[in-house]
Amino acid sequence: MIRVQREPFDPGAELNAFMATVPKSGGIASFVGQVRDFKGDDTVHAMTLEHYPGMAEREFAALTEDARGRWALDGLLIIHRYGELRPPEPIVLVAAAAAHRADAFAACEFLMDWLKTKAPFWKKEALDSGEAWVAASADDDARADRWKK
Amino acid sequence: MIRVQREPFDPGAELNAFMATVPKSGGIASFVGQVRDFKGDDTVHAMTLEHYPGMAEREFAALTEDARGRWALDGLLIIHRYGELRPPEPIVLVAAAAAHRADAFAACEFLMDWLKTKAPFWKKEALDSGEAWVAASADDDARADRWKK
Amino acid sequence: MSLTVLYFAWVKDKIGRGEETLSLPASITTVSGLMDWLATLSPGHAAAFSDRRMIKAAVDQQHVDHGTALNGAREVAFFPPVTGG
Amino acid sequence: MSLTVLYFAWVKDKIGRGEETLSLPASITTVSGLMDWLATLSPGHAAAFSDRRMIKAAVDQQHVDHGTALNGAREVAFFPPVTGG
């Protein structure tokens, strides 16, 4: 399931709801990314996530389809917020259910790596020193490249 | 935090409680293992987990200390049940919080691989065909070997 | 040819708007050619497209390279490298 | 020397109990020697220790190899490969 939403979400409640859909899976791997309240020595007061409606959902659908072709999965979940967030609100939740934990872990990490480099979202941080768009990370590019085939 | 307990636990509530302890972490990776209701063509009615009290907690403490030496982690959680469980009750929850998701994922997978081969727990399944102890998996041994250094 | 062009993040900030509908000269056939032409529209456009290495593009909501042909595109978007997740 | 010996899973099932306190002959100095001696105690013990490759051991709650010395151990446990998680 894929959800792109402005409203906050409750990671624990979402994990439980997802698990209720995959009672036959041996393992469920998940990841939550949350807003940090610092950036180096500066303070992060808020984060605004801009996104490209339509394309965001489309990219997530393509990513989950790709993941299903790579691993034996019983279910996938992506929830991603946009709009204004405050530390330490969750930004993203990804979960993967599978018979074997190796598949669940790999799919979960794959989804995070690829959504970091493909999902059309842009973060702007409100710092003590002013507002600034977050620069893309070369490390994220390198991690995403691991999955190219 | 490490808990070895007979009582059921709520994975979502535990994830939220763990996240509340690591508000400065960028990412939280987690894994839930749950009781499957099938084994091949047979039905699993219940699973009994026997454990070695004292040694179980000791092994988990050693594993988390090892993980903290390998990656930059803000927090670790292991909850493992013993006693009688029914499908699809959660057996184990592992979570790792870190500034960088690579560390959180690696620590979480490491803890699962090592606890599968080191934590003194033994599963017995109640099947249509009778009760049987679960055999250890060669695949689990191979996965745990990846982390040897 | 009428085309919807979308801008996001600091590309939008520099241009001063997030969306515009433009009538494209027939000579413009690629994403790269579109950027050349957009850069002539205003100082803000020129600033946004001054370093093409910082600009990613999507045609009809699919990531594309700058050399991609526009043929028949209804919607083109320009934005910095994404930073979601 | 008095020693607490613990059994788990099918090792416990075969022996018919999970714990026993034993007075050890002084000649027994290793985990392997202890298994040889335990196997003589009853048909159940003999069955449990019939294939040593299936038996793991812990001395004072630490995983050990069969060749490990017992010196000073208070608690020794025997069990099949673990299957938690």
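Here the structure is a predicted model, which means the values were calculated and not measured. Order of the sequence lines sets the chain letters (A, B, ...), proteins ahead of strands, with each chain counted from 1.
At least one side-chain heavy atom of A:Tyr52 sits less than 4.5 Å from a side-chain heavy atom of C:Leu6.
Interface summary for chain C: among A:Lys124, A:His51, A:Arg58, A:Glu59, the most heavy-atom pairs under 4.5 angstrom belong to A:Arg58. Between chain C and the options A:Ala62, A:Ala135, A:Ser137, A:Ala119, heavy-atom pairs under 4.5 Å are most frequent for A:Ala119.
Judged by a 6.0 Å distance limit and a 45° cone about the ring axis, A:Arg36 is positioned over the six-membered ring of A:Phe38. Taking the ring axis of A:Trp114 as reference, the NZ or CZ atom of A:Lys116 does not stay both within 45° of it and closer than 6.0 Å to the ring centre.
With a 4.5 Å cut-off on non-hydrogen atoms, C:Asp13 touches chain A through its side chain but not through its backbone. Only the side chain of C:Ala58 comes within less than 4.5 Å of a heavy atom in chain A; its backbone stays farther off. Residue A:Ala56 does not touch chain C at all, counting heavy-atom pairs closer than 4.5 Å. Using a 4.5 Å cut-off between heavy atoms, C:Gln62 contacts chain A through both its backbone and its side chain. C:Lys12 touches chain A through its side chain: at least one heavy atom from C-beta onward sits under 4.5 Å away, while N, CA, C and O do not.
A salt bridge does not link A:Asp74 to A:Lys24: none of the charged side-chain nitrogens sits closer than 4.0 Å to a carboxylate oxygen.
Between the side chain of A:Arg6 and the backbone N or O of A:Gly83 there is no donor-acceptor pair closer than 3.5 Å.
Checked against the 6.0 Å centroid criterion, the rings of C:Phe49 and C:Phe78 qualify as a close aromatic pair.
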